[in-house]
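Have a look at the structure below, then the notes.
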Amino acid sequence: MATLRFLAHYVRANLEVALAYRAAFAAKVFAMVVNDGIWVAFWWLFFERFPSVEGYGFRQIVLVWAIGTTAFGLSSGIAGGASTIAAKIASGDLDFYLVLPKPPVLHLVVSRMDPGGIGDALFGIATFAFLARPSAREAVAFAILVVIAASIIVAYAVATNSIAFWAGRADTIAEQAMFGLITFSTYPERLFSTPVKAVLYTVVPAGFVSFVPVALVQEWDWGWAAVLVGVAGGSLLGSKAIFDAGLRRYASGSILAMRG
Amino acid sequence: MQDAGAAISVRDLTRSFDRPGVPGAGWRRLLPGGTRGAPTVALHPVSFRVERGERVALIGPNGAGKSTTIKLLTGILHPSGGDARVLGRVPWRERTDLAYDIATVFGQKSQLWYHLPARSTFELLRHVYDLDAGVARRRVGELTERLGLRDLLDRPVRTLSLGERMRCELAAALIHSPRLVFLDEPTIGLDVEARQAVRAHVRELNARQGTTIFLTSHDAADIEQVCERVIVMQAGRVAFDGPVSTLRSRYVRGRQIEAHFLVPVDRPVDLPPGASLVDVEPQRWRLEVHEAGAPVGPVVAWLMACGPVVDLTVSDPPMEDVIAAIYRETAGPRVIPGGRP
């Protein structure tokens, strides 16, 4: 409970920082909404000409984008610090988090919010509500599934950023890994061959971030829901274990720094 | 077996760092890491002990191992070997528990949120340290009073001067009433008044609450005015460990005589035996008389004969000179007799 209060307070403080420059915050949110909107407009035009591709129609694409953008938006909007871990490791900037009595990885992931993530999440929720026109059951499933998908994305970011403990500079690797996850998560599963799917259910977990949640929103399956929860829990624990193992190699630094 | 009763107990602590890889030739350039050199030894086996309530300075030239030592004692770094206990805990294994009892102030790193008022950071730290709202309010009130923060708390940190910010940093570090405070260059970049204020607050913290102080600094006044004991590190080893007063007499053997003349006096050609010129201006000479305890009378008489002296001061060498003398010793460690083993 104390940890939840700590997290809630951190998110509030991040929002205060973001709102200290309201115009910049609003511009970033708006830019992200426009960026996402262009993609959905493209798919709308595409399906106007080809109503079905491999059994996929416009509503399925809307679900893919709604779940994807909301999940990525929540992950970077609330836990935007996850994608900064590699740079902090390389510059020896973890010291602050290591001398405080909270798990450093938890503290790090909520240490920053990305206003663009708020734009993503707003876009995803609006798209789901107005273009997918969900039933009540679908809306409840969506709300639960985007949180689970977001936690898998955060775990993935922590794990890929933690490579920096061993490789030194790994921010580019982590960034490319995240771009890969985003790219694969915004296309329908049926477009991919079996070997590629094997990668997307393991190394780059687009299957659990997008494909399974999209299927579950359309048709609930307790078995797959349990698998998804298990994967999310395992990913979070696994990424924390990787980070903690890496900490033993942390070399700190003497860079001058200010926070947030 | 380490002593759980000491504030800090360190035995044979070592730390090495891997050197960055040198890229290989040709296609090997593409491989991460490259050729690794021998690790850099930041700390050779180091041992010392700090009692509860002591005020100890850790000094040495850049790269001597001071920051590495503090980072090992706060659990930021894992050691390559040896053992340490801080308030009875192994810092790198019990870092989270230890964090409730210690505080760190890094002069070069801020824990305040740059765009928010200091009060917001204090509120966040209340949740970080799981402090009850009433306890935190009282504590912030106390610190506000003692550090003079009343007009600073609600201003964004980015609008504070460096001295004001450092007072807020101190308050942020002390909000959970730590029993041991590590200060790494706490006065770096501050003006004279702000430095004095920081030193006074640290002394008061020690006197009022018995808080153990462990400080690193290149500023001689930080050491003289705050600490009673000093540990000198050179090239990753403890070269001296003893009272601050002993440090002066051990490292600089002699006293200084400063004479002010009524009129400009020509630079002297010959000096009395055992004396050397430290600094010469037309109306002010500073000499050093070698070997502590040597009679200064002949040198004073010689000065009087050189010109009309209006003022004369005989003093121990300033701590700045002592530290400079220590830093000049780059040939390797020199364990000074009289210091602790």
Side-chain angles (χ1 to χ4, degrees), chain A residues 1-21 24-25 90-104 106-107 110-112 163-170 172-173 244-260, chain B residues 15-18 20-21 32-33 40 42 62-63 67-68 70-72 74-79 91-92 95-117 120-121 123-131 156-158 165 173 176 182 184-185 188-189:
Chain A
M1 201 60 192
T3 302
L4 280 178
R5 274 201 301 272
F6 159 73
L7 291 178
H9 199 85
Y10 227 115
V11 172
R12 208 177 86 188
N14 278 328
L15 200 58
E16 276 182 53
V17 171
L19 291 174
Y21 299 94
F25 176 78
S91 61
D93 211 15
L94 297 188
D95 298 9
F96 167 76
Y97 305 94
L98 295 175
V99 294
L100 295 177
K102 285 282 179 275
L106 183 70
H107 200 161
V110 294
S111 66
R112 183 176 167 269
I163 293 170
F165 283 121
W166 289 271
R169 294 300 301 263
T172 310
I173 298 172
D244 288 344
L247 263 187
R248 294 185 62 82
R249 300 176 53 85
Y250 177 57
S252 188
S254 56
I255 199 166
L256 287 157
M258 282 297 295
R259 298 187 66 218
Chain B
R15 171 72 202 209
S16 303
F17 291 97
D18 287 339
T40 303
N62 290 330
S67 292
T68 300
I70 283 199
K71 285 171 182 175
L72 286 166
T74 51
I76 290 172
L77 294 178
H78 287 247
W92 49 91
R95 194 185 61 235
T96 307
D97 291 336
L98 180 62
Y100 284 103
D101 287 329
I102 65 168
T104 50
V105 177
F106 294 105
Q108 301 186 55
K109 292 185 181 179
S110 175
Q111 65 170 318
L112 300 169
W113 289 57
Y114 189 59
H115 295 291
L116 296 182
S120 297
T121 299
E123 181 60 16
L124 185 65
L125 288 170
R126 170 172 95 74
H127 292 284
V128 168
Y129 288 106
D130 304 320
L131 295 176
V157 169
R158 67 174 184 275
R165 183 171 72 70
H176 59 296
F182 292 97
D184 192 2
E185 307 263 11
I188 194 165

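In what follows, chains carry the letters A, B, and so on, assigned in the order in which the sequence lines appear, proteins first and then strands, with residues in each chain numbered from 1. This is a predicted model, so every value here is computed, not measured.
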Q: Taking side chain to side chain contact (heavy atoms under 4.5 Å, CB included) as the test, write out the residues that go with R126(B), two or more places apart.
A: E123(B), L131(B), A133(B), A136(B)
(Q) Could you report the tightest heavy-atom contact between Y250(A) and R15(B), atom names first, then the distance? (A) O-NH2, 3.7 Å
Q. Where is the tightest heavy-atom contact between T96(B) and P101(A), given as atom of each residue plus distance?
A. O-CB, 3.6 Å
Q: Name the member of R12(A), K102(A), E16(A) that forms the most heavy-atom pairs with chain B at distances under 4.5 Å.
A: K102(A)
Q | Closest heavy-atom pair and its distance - L247(A), R95(B) | A | CD1-NH1, 3.9 Å
**Q.** ring-ring contact (aromatic ring centres under 6.0 Å, His included) against F165(A), all qualifying residues, sequence neighbours excluded
**A.** F243(A)
Q. In terms of heavy-atom proximity below 4.5 Å to chain B, should L94(A) be classed as side chain, backbone, both, or neither?
A. neither
Q: Calculate, to the nearest 0.5 Å, the distance between atoms CG and CG belonging to D95(A) and L77(B) respectively.
A: 7.5 Å
(Q) Can you tell me how far apart OG1 (T3(A)) and CG (D130(B)) are? Round to the nearest 0.5 Å. (A) 7.0 Å
Q: State, with a plain yes or no, whether a side-chain heavy atom of V17(A) is found less than 4.5 Å away from one of L116(B).
A: yes
Q: Please look at T104(B) and chain A and tell me whether the side chain, the backbone, both or neither of the residue comes under 4.5 angstrom of a heavy atom of that chain.
A: side chain
Q | Plane angle bin for Y10(A) and W113(B) - parallel if under 30°, tilted between 30 and 60°, otherwise perpendicular | A | tilted
**Q.** Check: H127(B) main-chain N/O paired with R5(A) side-chain donor or acceptor under 3.5 Å
**A.** no
Q.
Please rank A13(A), P103(A), P104(A), A2(A) by heavy-atom pairs under 4.5 Å with chain B and give me the top one.
A. A13(A)
Q | Nearest heavy-atom neighbours spanning Y129(B) and V99(A) | A | OH-O, 4.4 Å
